[in-house]
Amino acid sequence: MTAKLIDGNALSSTLRGQLADRAAVLKAKGITPCLAVILVGEDPASAVYVRNKVAGCEKTGIRSIKDVYPADVEPIVVLARIAELNADPDVHGILVQLPLPPQFDEDAVLEAISPEKDVDGFHAENVGALMQGKPRFIPCTPYGVMKMLESEGVKLAGAEAVIVGRSNIVGKPMAMLLLAQSCTVTVCHSRSRDLAFHTKRADILVAAVGRPRMITGDMVKPGAVVIDVGINRLPADQGGKLCGDVDMDSVKEVASLLTPVPGGVGPMTITMLLTNTLESAERCVR
Ligand code: NDP
């Protein structure tokens, strides 16, 4: 079997076209959707993510505000700016690019963002709403994965779903979303015994670990749907390219559907951020 690749760029482009139409409808009603992005420090990966988010906004008809602070900024300055953005009725989404420098309490920063503008879906109130099956904003990466599964018509009810990784931004919300679709969900992590025992049972396998090519073909059930969330930069002596947590060469011979890295989940994450921003702006006219 050679797996079909799920093209995240193509799906993103279709969805972003629909978002642009929705943004135009809002503008006709006098509302310009607006996302504010806060970047602290000079981490190159974070700078690229922010640049891509701002570019995504521009192409979709969403206004963006980008605030950049030096790495040694006092947290109170950033918190004051968040308060200002919370109070601004023309701003519909606020995100703070993570990670933050060590002087910051990340949780306190995320909690400072108004839950009504928390388009990353990381505020405790929004995490709770997701747990209760009444999401306000769904965290963007798992939301993008659900859209990919939906676009391929993957049958979810009753399926065995195994997620490797239990972070607050990917693994845990992914588990909640698959559970809400009636999958039987297993979440694995660094202390799980016999990882392959679990992964081999998966009809849907989501890898969100951050370890290059750790999921190999012998760990995958024939015909499984394999979603690779990982983004890893290989060392220069191995080519310096981006790769996922899934060993594409061996897994594509076993799986039925597979997301590539790059060009899989990555572009969908930004698309869902734009979706959440637009949704937030649309709530202003309801
Ligand atoms: P974290 O580092 O927060 O979490 C990694 C998880 O993997 C942890 O739960 C950890 O377990 C688990 N883990 C580590 N080693 C093993 C192992 N040997 N076996 C099983 N589980 C293990 O990472 P994130 O969730 O933030 O990100 C995961 C990956 O996804 C990264 O490569 C990141 O770059 C990428 N990413 C991609 C996005 C996209 O848009 N495509 C968006 C966000 C992230 P434990 O909890 O026990 O430590």
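A quick note: this is a predicted structure, and the numbers were derived from the prediction, not measured. Below, each value reflects all heavy atoms present in this structure, side chains not excepted, and no hydrogens, waters or symmetry copies. Remember, it's 1-based here, ligands and their atoms both numbered in the order they're listed. Numbers here simply count residues along the sequence, with the first being 1.
- Of all the heavy atoms of V170, the ones lying under 4.0 Å from any atom of ligand 1 belong exclusively to the side chain.
- Scanning the protein for heavy atoms near atom 26 (O) of ligand 1, the closest one is I169 CD1, 3.5 Å.
- Each of the following atoms of ligand 1 lies closer than 4.0 Å to a heavy atom of V164: 20 (C), 21 (N).
- Listed for the Q103 side chain is a donor-acceptor partner under 3.5 Å among the backbone atoms of A71.
- E74 CD: 12 or fewer foreign heavy atoms inside a 6.0 Å radius.
- Residue contacts with ligand 1 include G266, since one of its heavy atoms falls under 4.0 Å from the ligand.
- Within ligand 1, counting atoms from 1 as listed, the ones closer than 4.0 Å to a heavy atom of T269 are 39 (C), 40 (O).
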Checklist entry - Which is it for K221 and E160 under the salt bridge (Lys or Arg N to Asp or Glu O under 4.0 Å) test, yes or no, and what are the steps along the way? => result CA-CA 11 Å; K221 178 176 170 178; E160 291 285 339; over 6 Å; no
Next on the checklist: Apply salt bridge (Lys or Arg N to Asp or Glu O under 4.0 Å) to residues E116 and R283 and explain how you reach the verdict.
Outcome noted: CA-CA 10 Å; E116 276 84 27; R283 284 175 196 154; over 6 Å; no
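- For the pair L98/E106, a side-chain contact is recorded, criterion being any heavy-atom separation below 4.5 Å from C-beta on.
- Among protein heavy atoms, atom 31 (C) of ligand 1 sits closest to G210 CA, 3.7 Å.
- Checking T271, T275, T60 one by one against R16, the side-chain hydrogen bond (donor to acceptor under 3.5 Å, both in side chains) holds for a single residue, T271.
- Ligand 1 has no N or O atom lying under 3.5 Å from any N or O atom of D245, backbone or side chain.
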Checklist entry - So R213 and D245, salt bridge (Lys or Arg N to Asp or Glu O under 4.0 Å) or not? Walk me through it. => result CA-CA 4 Å; R213 298 174 181 153; D245 292 342; over 6 Å; no
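- Residue, atom and distance of the protein heavy atom nearest to atom 30 (O) of ligand 1 are V229 O, 3.5 Å.
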Checklist entry - N9 and S12: side-chain hydrogen bond (donor to acceptor under 3.5 Å, both in side chains), yes or no, with the steps? => result CA-CA 5 Å; N9 284 320; S12 277; 5.7 Å; no
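- Closest to atom 24 (P) of ligand 1 by heavy atom, among P139, C188, G264, S167, is S167.
- Comparing R211, M272, R233 against atom 18 (N) of ligand 1, the shortest heavy-atom distance belongs to R211.
- Judged by the 6.0 Å distance and 45° axis criteria, R136 is not positioned over the aromatic ring of F122.
- The nearest protein atom to atom 45 (P) of ligand 1, hydrogens excluded, is given as S190 OG, 3.4 Å; this is a heavy-atom distance.
- Residue contact annotation: A208 has a non-hydrogen atom under 4.0 Å from ligand 1.
- Environment of NZ in K59: sparse, with no more than 12 heavy atoms of neighbouring residues, nucleotides or ligands closer than 6.0 Å.
- Ligand 1 lies nowhere less than 4.0 angstrom from a heavy atom belonging to M268.
- Taking atom 42 (C) of ligand 1 as the reference point, the nearest protein heavy-atom neighbour is T141 OG1, 3.2 Å.
- Here the protein heavy atom with the shortest distance to atom 20 (C) of ligand 1 is H189 O, 3.2 Å.
- Using a 4.0 Å cut-off between heavy atoms, V209 contacts ligand 1 through both its backbone and its side chain.
- If you number the atoms of ligand 1 from 1 as listed, the ones under 4.0 Å from a heavy atom of N232 come out as 32 (O).
- Considering backbone and side-chain N/O atoms, R191 never comes within less than 3.5 Å of an N/O atom of ligand 1.
- In this structure, the protein non-hydrogen atom closest to atom 8 (C) of ligand 1 is R166 N, 4.0 Å.
- In I231, the parts holding a heavy atom less than 4.0 Å from any atom of ligand 1 are both the side chain and the backbone.
- Partner of C183 under the side-chain contact (heavy atoms from CB on, under 4.5 Å) criterion, out of D203, I163, L149, L178: L178 alone.
- Look at R63 and E58 and you find no salt bridge, because none of the NZ, NE, NH1 or NH2 atoms lies under 4.0 Å from a carboxylate O.
- Taking a cut-off of under 4.0 Å to the non-hydrogen atoms of G165, the atoms of ligand 1 that pass are 6 (C), 7 (O), 9 (O).
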Next on the checklist: Would T141 and T269 count as a side-chain hydrogen bond (donor to acceptor under 3.5 Å, both in side chains) here? Give the steps.
Outcome noted: CA-CA 5 Å; T141 301; T269 295; 3.1 Å; yes
